[in-house]
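Taking it in order: structure first as structure tokens, then the write-up.
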Protein chains: 2
Amino acid sequence: MSMLESEQSKKSNLQNYIPKKPERIACSIEKALDVIGGKWSFLVLKELFDGTKRFGELQRKIKSISPKSLTDTLRHLEEYGVLERTAYPTVPVTVEYKLTPKGEDLHQMLKEMKLWAAKWCSDV
Amino acid sequence: MSMLESEQSKKSNLQNYIPKKPERIACSIEKALDVIGGKWSFLVLKELFDGTKRFGELQRKIKSISPKSLTDTLRHLEEYGVLERTAYPTVPVTVEYKLTPKGEDLHQMLKEMKLWAAKWCSDV
DNA sequence: ATATCTACTTACCTTGAGTTAACTAACTAT
DNA sequence: ATAGTTAGTTAACTCAAGGTAAGTAGATAT
């Protein structure tokens, strides 16, 4: 029981950003949602399409995000190979986030999403 | 207290499917997410791209969805003008759901999403 | 010695999306 | 009468995403 518990807490700590999956139907839409379905993923991605950004910059751009949510989102997207984290040993430390090719490739989808919203959600 | 309570419960009952919004930044991506950002929206939409479907059909296709979640999702998408509900006075009652033009217009986006997932999530 | 900076981490807590299970309406068929 | 049908509703509950607030590292500036 105690052995299981320690594994449990470790696991839940690491995975606290992964959205729950509707039982792994082998469906490409769900796979995409596992990666980019979080509350903040789209907003972070949107910022990174404008180029490499640092933690603080993202925080300032996405005003209502907490540092925890930002870290969680960045880690999650990194884990899935959508973005890359690079730390430079400056002082204070500099950390840069940029999209990988996999992440860049989401551009078309995001674009379609924006087009749709522009067309249908302009003042509703 | 009791007056507030009744309003409260009515409200939470009506709105229990609307995802929380990151403080209404006037951003088209967020607007789109308000509409289609729920856990089940994409899966329901995917089914309806194949044509008009009834409640029971949707339930059978999306195996892990509960009737409540299905109702909530359908109501939410209807409210945003993405789909249309039509009830026929047969016995037992027949209810059909079909996409509106606004809903049909999501096709391109969903397609891009599937393409991306096919390219990058095939066996990860 | 204390303050300041960035980029976090940790612990605790709230909330609301989603689940489960039972029930309902309105009618038909046996 | 009772069982079966579709398309839900209702109440009670769970659970994990996300929020809040405080702390940390490692160095510089005053």
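Each chain gets a letter, A, B and so on, in the order the sequences are listed, and its residues count up from 1. Remember, predicted model here, so these are calculated numbers, not experimental data. These values consider heavy atoms only, across backbone and side chains, with no hydrogens, waters or symmetry-generated copies.
For the OP1/OP2 pair of C:dC5 and a distance below 4.0 Å, the side-chain nitrogens and oxygens of A:R54 include no atom meeting the criterion. A:T90 has no side-chain polar atom (N or O) that falls below the 4.0 Å cut-off from OP1 or OP2 of C:dT6. The side chain of A:S69 contributes an N or O atom lying less than 4.0 Å from OP1 or OP2 of D:dG19.
Following rounding to the nearest Å, A:L70 (CG) and C:dC8 (P) show an atom-to-atom distance of 8 Å. When the P atom of C:dC8 is taken as reference, atom CZ of A:R60 falls 13 Å away, rounded to whole Å. Atom CG of A:L77 is separated from atom P of D:dA17 by 14 Å (rounded to the nearest Å). In this structure, B:K68 atom NZ and D:dT14 atom C1' are separated by 13 Å, rounded to whole Å. Computed from coordinates, the B:E57 CD to D:dA7 C1' distance equals 13 Å when rounded to whole Å. The distance between atom OH of B:Y88 and atom P of C:dC27, rounded to the nearest whole Å, is 19 Å. Distance B:I62 CD1 to D:dA7 P: 14 Å, rounded to the nearest Å. Rounded to an integer number of Å, the gap from A:D72 CG to D:dA16 P is 15 Å.
Taking only side-chain atoms of B:R75, from C-beta outward, the nucleotide of C:dC8, D:dG8, D:dG18 with the closest atom is D:dG8. Checked against D:dG18, D:dA27, C:dT19, the side chain of A:V91 finds its nearest nucleotide in D:dA27.
Take the nearest nucleotide of DNA chain D for A:P92 and for B:V95: the residue whose nucleotide is more 5' is B:V95. The 5' end of DNA chain D is approached more closely, in terms of each residue's nearest nucleotide, by A:P67 than by the other of A:V93 and A:P67.
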Which donor-acceptor pairs under 3.5 Å do the side chains of residues 52-60 of chain B make with protein atoms, sequence neighbours left out?
residue : atom : partner : partner atom : Å
B:K53   : NZ   : B:E47   : O            : 3.1
B:E57   : OE2  : B:R54   : N            : 2.9
B:R60   : NE   : B:G56   : O            : 3.4

Name each donor-acceptor pair under 3.5 Å that joins a side chain in residues 88-95 of chain A to protein atoms two or more places apart or in another chain, with its distance.
residue : atom : partner : partner atom : Å
A:T90   : OG1  : A:P92   : O            : 2.9
A:T90   : OG1  : A:T94   : N            : 3.2
A:T90   : OG1  : A:T94   : OG1          : 2.6

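Tested against B:L106, the residues B:V35, B:I36, B:L48 include a single side-chain contact (heavy atoms from CB on, under 4.5 Å) partner, B:I36.
Counting non-hydrogen atoms under 4.0 angstrom, A:Y97 reaches the backbone sugars and phosphates but no base. B:T94 comes within 4.0 angstrom of the backbone, heavy atoms only, and of no base.
Of the N and O atoms on the side chains of A:W120 and B:D105, at least one donor lies less than 3.5 Å from an acceptor on the other residue.
Without hydrogens or angle criteria, B:T100 side chain to B:G81 main chain gives a donor-acceptor distance under 3.5 Å.
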